[in-house]
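The next block holds one structure in the form of structure tokens; read it before the comments.
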Amino acid sequence: MAAATTPVTITITGAGGQIGYALLFRIASGAMLGDDVPVRLRLLEIPQGLRAAEGAALELQDAAFPLLRGVEVTDDTAVGFEGANLALLVGARPRGPGMERGDLLAANGGIFGPQGRAINDHAADDVRVVVVGNPANTNALIAQANAPDVPAERFTALTRLDHNRALGQLAAAVDSPVGEIRDVTIWGNHSATQFPDVSHATAAGDPVLGVLAARLGGTDAAREWLVDEFIPRVAKRGAEIIEVRGSSSVASAASATIDHVRDWVRGTGERGWTSAAVVSDGSYGVPEGLVSSFPVTSDGSGWQIVPGLELDEFARHRIEASVAELESEREAVRELGLV
Ligand code: NAD
Ligand code: LMR
């Protein structure tokens, strides 16, 4: 990452869309990289989205953020990624009611090959990429496959929203502040097959499984709640938001994107691990090369998968099911000629 006095160049695709609008002002305020890091923003859109992005750029000027050292709006992919230290790939169509995120593969997959190539050819040597546009894991795989000169570990996809959703549900269930809950994991795909895993989680230092058992009347009741309520609630929260709100999550998605980049660049510190979809190195039996969610920490230089966690049969089975879906998505994009 560039030295603190040199502005960090951040490319945001789909910057004229809903998540883009929620992201830009937090990035410019310093919430993502810190209040001592100046930023330069590149807003990349398609022609139909340019006016909305231009409007956001006017408002960014009006907000007079001291850290903001320039905003450029473009629909030229090469210009958009020129010198980018961070690339937030948000631009893609959202799903509507009744759709699964995987249904977007044909509509959105084609966006990420050209963007991967442009990152390869134009971004800074230290570029780091997070894909938000759905289906996020496989779109990240497509971008990474099209950027052979960029180290694969620089490509990630967002599962921090799922992680934060799991924290929110657990905090309510054990009546604890969210900040007291540690070491929750989202495994697999950002889809309904994901596995939100609390088997290593603690609340104020106590194992969450024990706290749940004490509150719900025993270990069996706690397991029942996890399987029948918690896991489906977290895994299907995106659909719940679409149903209640009428369109897909925006502010929580932008907030999770900020959290993902902040922890990746500034480190997870003493707060335990978080979750991110990263290119698998074969850990936990996830085939190498798939972009799958893992428990991860960062010392600021990059994500490291937390090694050596014990997984019971239930966990292994749930992870395998989500990984099987990722493999079938990879097969589908191979057939579409995208990787
Ligand atoms: P939106 O429709 O409001 O905005 C999308 C923007 O992307 C539009 O302005 C559009 O013009 C632009 N765009 C489309 N193709 C582009 C391209 N090739 N290059 C640059 N820009 C392009 O949608 P939104 O609500 O902002 O959601 C964006 C994406 O994020 C969707 O795919 C949605 O499903 C996904 N999402 C992911 C998560 C997650 O946790 N991973 C959470 C929420 C939403
Ligand atoms: C979410 O999880 O809210 C997003 O991925 C949007 C969606 O389609 O669910």
Side-chain angles (χ1 to χ4, degrees), residues 11-24 42-56 73-81 87-119 129-140 142-143 156-166 168 186 188-194 196 233-261 275-277 291 293:
T11 302
I12 300 107
T13 74
Q18 295 293 311
I19 294 174
Y21 192 70
L23 262 178
L24 295 173
R42 292 259 167 70
L43 316 190
L44 178 62
E45 261 292 350
I46 49 175
Q48 306 89 291
L50 277 178
R51 290 295 282 168
E54 282 162 5
V73 181
T74 181
D75 62 354
D76 181 326
T77 310
V79 173
F81 289 111
L88 316 186
L89 308 189
V90 180
R93 203 182 121 190
R95 67 172 164 156
M99 292 172 77
E100 288 300 331
R101 299 181 188 97
D103 297 338
L104 292 169
L105 207 46
N108 288 341
I111 295 172
F112 293 87
Q115 290 187 352
R117 284 193 287 282
I119 289 168
V129 182
V130 54
V131 176
V132 177
N134 278 318
N137 300 53
T138 298
N139 289 337
I142 296 169
T156 65
L158 189 75
T159 53
R160 183 61 173 262
L161 177 55
D162 309 290
H163 182 96
N164 288 349
R165 286 167 171 164
I186 304 296
N189 202 0
H190 173 62
S191 77
T193 68
Q194 68 180 256
R233 191 87 200 263
V234 173
K236 295 181 185 167
R237 185 66 155 189
E240 184 182 350
I241 301 289
I242 290 170
E243 194 198 319
V244 174
R245 216 184 148 255
S247 63
S248 70
S249 62
V250 173
S252 57
S255 193
T257 307
I258 298 278
D259 290 346
H260 175 109
V261 176
S275 304
V291 178
S293 189

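For ligands, and for the atoms within them, numbers begin at 1 and follow the listed sequence.
- Numbered from 1 in the order shown, with element, the atoms of ligand 2 that lie under 4.0 Å from a heavy atom of S249 read 1 (C), 3 (O).
- Shown here for A157 and A136, the closest heavy-atom pair between the two residues is CB-O, 3.5 Å.
- Between H163 and S275, the shortest heavy-atom distance links the atoms ND1-OG, 2.8 Å.
- Residue contacts with ligand 1 include Q115, since one of its heavy atoms falls under 4.0 Å from the ligand.
- Between E45 and ligand 1, at least one N/O pair is under 3.5 Å apart.
- Of all the heavy atoms of R101, the ones lying under 4.0 Å from any atom of ligand 2 belong exclusively to the side chain.
- Between V131 and ligand 1, no pair of N/O atoms sits closer than 3.5 Å.
- Checked by distance only, ligand 2 and N134 come closer than 3.5 Å through their nitrogen or oxygen atoms.
- The salt bridge (Lys or Arg N to Asp or Glu O under 4.0 Å) search around E240 returns R233, R237, not counting sequence neighbours.
- With hydrogens and angles ignored, the 3.5 Å screen pairs a side-chain donor or acceptor of N137 with a backbone N or O of H190.
- For atom 5 (O) of ligand 2, the candidate residues are R245, R95, R93, H190; the nearest heavy-atom contact is made by H190.
- Here the side chain of S293 pairs no donor or acceptor atom with the backbone of N189 at under 3.5 angstrom.
- Between the side chain of R51 and the backbone N or O of E54, no donor-acceptor pair lies under 3.5 Å.
- Listed by atom number, the atoms of ligand 2 under 4.0 Å from S248 heavy atoms are 6 (C).
- Judged by the shortest distance from any of its heavy atoms, H190 lies inside the 4.0 Å radius around the atoms of ligand 1.
- Nearest non-hydrogen protein atom to atom 1 (C) of ligand 2 is R165 NH2, 3.4 Å.
- For the pair T13 and ligand 1, the shortest N or O to N or O distance does not fall below 3.5 Å.
- Proximity of I241 to ligand 2 is not established, as no heavy-atom distance is less than 4.0 Å.
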| field | Step-by-step side-chain hydrogen bond (donor to acceptor under 3.5 Å, both in side chains) determination, D259 to N164 | value | CA-CA 9 Å; D259 290 346; N164 288 349; 3.0 Å; yes

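- For ligand 1, the polar-atom distance check against I111 finds no nitrogen or oxygen pair separated by under 3.5 Å.
- Contact annotation: L104 has no heavy atom less than 4.0 Å from any atom of ligand 2.
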